[in-house]
Amino acid sequence: MAARTMAETKDPSNAAIADLLDELGDLYELDGAVVHRVLAYRNGAKAIREAPRSVAAMTRAGTVTELPGIGATLEEKLRALLETGTIPALEKLRAAIPAGLLQITRLPGLGPKRARKLHDALGVDGPQALRAAIEQRRVRELPGFGAKSEERLLAALDAAGDDLAAPDRQLLSRALPVGEALVEELRAVAGAGVDRVELAGSARRRADTVKDLDIIATAEDPQALIDALAGSDLIAEVHRSGTAGAHATTQTGLAVDLRVVAPDQFGNLLQHFTGSKAHNVAIREAAVKRGLHVSEYGILDDATGESERFASEEQVYARLGLPWIPPELREDRGELRLDEVPPLIEPGDLRGDLHMHTTASDGRAGVREMALAARELGLEYVAITDHSASHGFGDAVPPDRLRELIAEVRAVDQELDGIAVLAGSEVNIGVDGSLDYDDELLAELDWIVASVHTAFASDPTRRIVAACEHPLVDVIGHPTGRKLPQRTGYDLDLDAVIDAAARTGTFLEINGSPARRDLHDVHARAARDAGVLLCIDSDAHGPDTLANARWGVMTARRAWLAAADVANARPWAELRALRKGGR
DNA sequence: GCCGTTTTCGGCCCGACTGTTTTCAGTCG
């Protein structure tokens, strides 16, 4: 790091590189490449997107082929990208294949092969050209297409609007309560002999965002369950239903897939529909080597020719020689090599919350109210950490005001039993890496969160590293600055941030605000592996959002963190002694 | 294009649905 400054060398982020490889895979697919080659690009993209450390740096160091799915060919393409700023094969394919072709593959029933056929035979290069070809009745003349294809494609084009955008994903915080409420309603169906109802899919894995809700159930009377779904106030529309399940849409616009299965294969179905796809593919590939074939219906053993069904997930994993794997870990990130599952943090492990706001800045409640609400949640300590400066959200807290606030916090702390109230601040990291208050005032605080809130483009890495090196900074707040689903975060060298945090004894935050969950899972895991302690905070702006810490716990579990990896899973007396300099 | 507790070559997860076909390729999850 010292040899080069961030301003000179702007490496593409892992996410940006992964996007390019995904695009390359899409274009190769449209170009007619064999499916395994396409998959190789997508696997490579996944490995890079989930790599905790800079893939650009790994490429320069010659270690990038250590990532699973990155071989000599992809390494060469990464080298080209770093040296020339682009990948020759990508440029060539972009020139040969119209961008609109990729768009129309988002229409249901139209994949890469058929899209390519439309292009080659009719010159279709996008949605408008497709519509024109259908209206001229030219599509039905192609082999493999017919009148029905035209009809469906036209309906899909009408429904899709202008841009044929990828389907929206909802924040977990929006999807999960609806999914859990639906599950509760279905479990309560009287007289239907409902045995089990479980939420599966990405919601069960507690992913950042969710595309649809998968619900798996067993019932003696499936129709009663399906009727209950159709009759729920949470459901806006049922599209399809039969004895095996139903497809519906919630009032909040989320697709629901209910599957009703026999009790003896509930475990197989639940495992299958919990995913992730990558986890399932990896399980099946490993199983094949042992002569086993896994599907959602059972596990077929080559040796006996028998297919076994399992009522529980535990049995499914046991048959494969694996411990039951918590859903949050099912992302094909090494969980299949576990002999036993590591302990994961639980929501009840959090003893304190070290990032929250009051009316002193942009919060909606006072110090006392926040402390009481936190005590109600069972917390032992909180830090009041109002924003230091005004930058569009609420009042600034100038030094004199901060002194008043500290006095108020001390008074509330004295007054209240059962919870310790600490004086803190969420201090802005300036463009030059400096903090908003002088050290003398900072030293009066019990807890200091340092965050970037402004000038995201101005070398955030250097500023955050400088904040880590400040002797009074305890934790870096929402380190990457991402906001789901739209903002990807600052252009940050996370290797440098994690190294600085590890070197200086600075904690890194997992911000529990559901649109942040920042650090996110892959990076939180890398930070832990580097010896950094994480803080899970609510960043609450009112009593009602103190519970947001739960989303942070979900991220921590997806990061394989135990309670021991989380600073505020400790009593305050223990944590305060762990801070740098032992203030 | 990747990869090796059978392999440096020949494999690479599984099943349902659809519309088009008279046995299946493509698409989807």
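Reckoned from all heavy atoms, side chains included, excluding hydrogens, waters and symmetry mates. Each chain gets a letter, A, B and so on, in the order the sequences are listed, and its residues count up from 1.
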Taking distance alone, no hydrogens or angles, what donor-acceptor pairs closer than 3.5 Å link side-chain atoms of residues 263-271 of chain A to residues at least two apart or in another chain?
residue, atom, partner, partner atom, Å
A/Asp264, OD1, A/Arg309, NH1, 3.0
A/Asp264, OD2, A/Arg309, NH1, 3.2
A/Gln265, NE2, A/Tyr297, O, 3.3
A/Asn268, OD1, A/Phe310, N, 2.7
A/Gln271, NE2, A/Asn280, OD1, 3.1
A/Gln271, NE2, A/Tyr317, OH, 3.2

> DNA chain B: A/Gly71 or A/His272, which has the more 5' nearest nucleotide?
Replying inline: A/Gly71

> For DNA chain B, whose closest nucleotide is more 5', that of A/Leu107 or that of A/Val34?
Replying inline: A/Val34

Whole angstroms only, please: what is the [atom1]-[atom2] distance between [X] and [N]?
X	N	atom1	atom2	answer
A/His247	B/dC28	NE2	P	14 Å
A/Lys117	B/dC24	NZ	C1'	12 Å
A/Leu153	B/dG26	CG	C1'	13 Å
A/Lys211	B/dG29	NZ	C1'	8 Å
A/Glu285	B/dG10	CD	P	20 Å
A/Leu269	B/dG29	CG	C1'	13 Å
A/Gln271	B/dC13	CD	P	16 Å
A/Phe273	B/dC13	CZ	P	19 Å

Distance between [atom1] atoms of [N] and [M] (Å, rounded):
N	M	atom1	result
B/dA16	B/dG11	C1'	25 Å
B/dC14	B/dT7	C1'	24 Å
B/dG1	B/dT8	C1'	14 Å
B/dC9	B/dG15	P	31 Å
B/dT23	B/dG29	P	29 Å
B/dC17	B/dC13	P	22 Å

Which of the following nucleotides, [options], is nearest to the side chain of [X]?
X	options	result
A/Tyr41	B/dG29, B/dG1, B/dT27	B/dG1
A/Thr73	B/dG26, B/dC14, B/dC2	B/dC2
A/Ala40	B/dT27, B/dC2, B/dC13	B/dC2

> Can you give one letter per nucleotide of nucleotides 17-23 of chain B, going 5' to 3': B for a protein heavy atom under 4.0 Å from the base, S for sugar-phosphate only, - for none?
Replying inline: -SSSS--

So does [Y] get a backbone contact from the side chain of [X], meaning a donor-acceptor N/O pair under 3.5 Å?
X	Y	answer
A/Ser276	A/Arg330	yes
A/Arg206	A/Val553	no
A/Glu83	A/Ala80	no

> Among residues 287-307 of chain A, which contact DNA chain B at a heavy-atom distance under 4.0 Å?
Replying inline: A/Val288, A/His293, A/Val294, A/Ser295, A/Tyr297

>> So, using ring-ring contact (aromatic ring centres under 6.0 Å, His included) as the criterion, who are the partners of A/His272 when residues are at least two apart?
In response: none

Would you give me the side-chain donor-acceptor pairs under 3.5 Å for residues 224-233 of chain A, sequence neighbours excluded?
residue, atom, partner, partner atom, Å
A/Asp227, OD1, A/Gln223, NE2, 3.0
A/Ser232, OG, A/Glu185, OE1, 2.7
A/Ser232, OG, A/Leu234, N, 3.0

>> In the structure I gave you, are the side-chain heavy atoms of A/Leu329 and A/Arg558 within less than 4.5 Å of one another anywhere?
In response: no

> Centre of A/Trp560's six-membered ring, under 6.0 Å away, within 45 degrees of the axis: is that where NZ or CZ of A/Arg525 sits?
Replying inline: yes

> Does NZ or CZ of A/Arg259 fall inside the cone over A/Phe273's six-membered ring, less than 6.0 Å from its centre and within 45° of the axis?
Replying inline: no

>> I need the full list of ring-ring contact (aromatic ring centres under 6.0 Å, His included) pairs touching residues 28-47 of chain A, with sequence neighbours left out, sorted by first then second residue.
In response: A/Tyr28-A/Tyr41

> So among A/Asn511, A/Asp208, A/Asp518, A/Thr488, which one has a side-chain hydrogen bond (donor to acceptor under 3.5 Å, both in side chains) with A/Arg482?
Replying inline: A/Asp208

> What is the nucleic acid contact for A/Ile283, judged by heavy atoms within less than 4.0 Å: base, sugar-phosphate only, or nothing?
Replying inline: nothing

> Touch check for A/Leu39, heavy atoms < 4.0 angstrom, all strands: base, sugar-phosphate only, or nothing?
Replying inline: nothing

>> Pairing check on B/dT8: which nucleotide meets the Watson-Crick or G-U wobble criteria with it, both distances under 3.5 Å?
In response: none

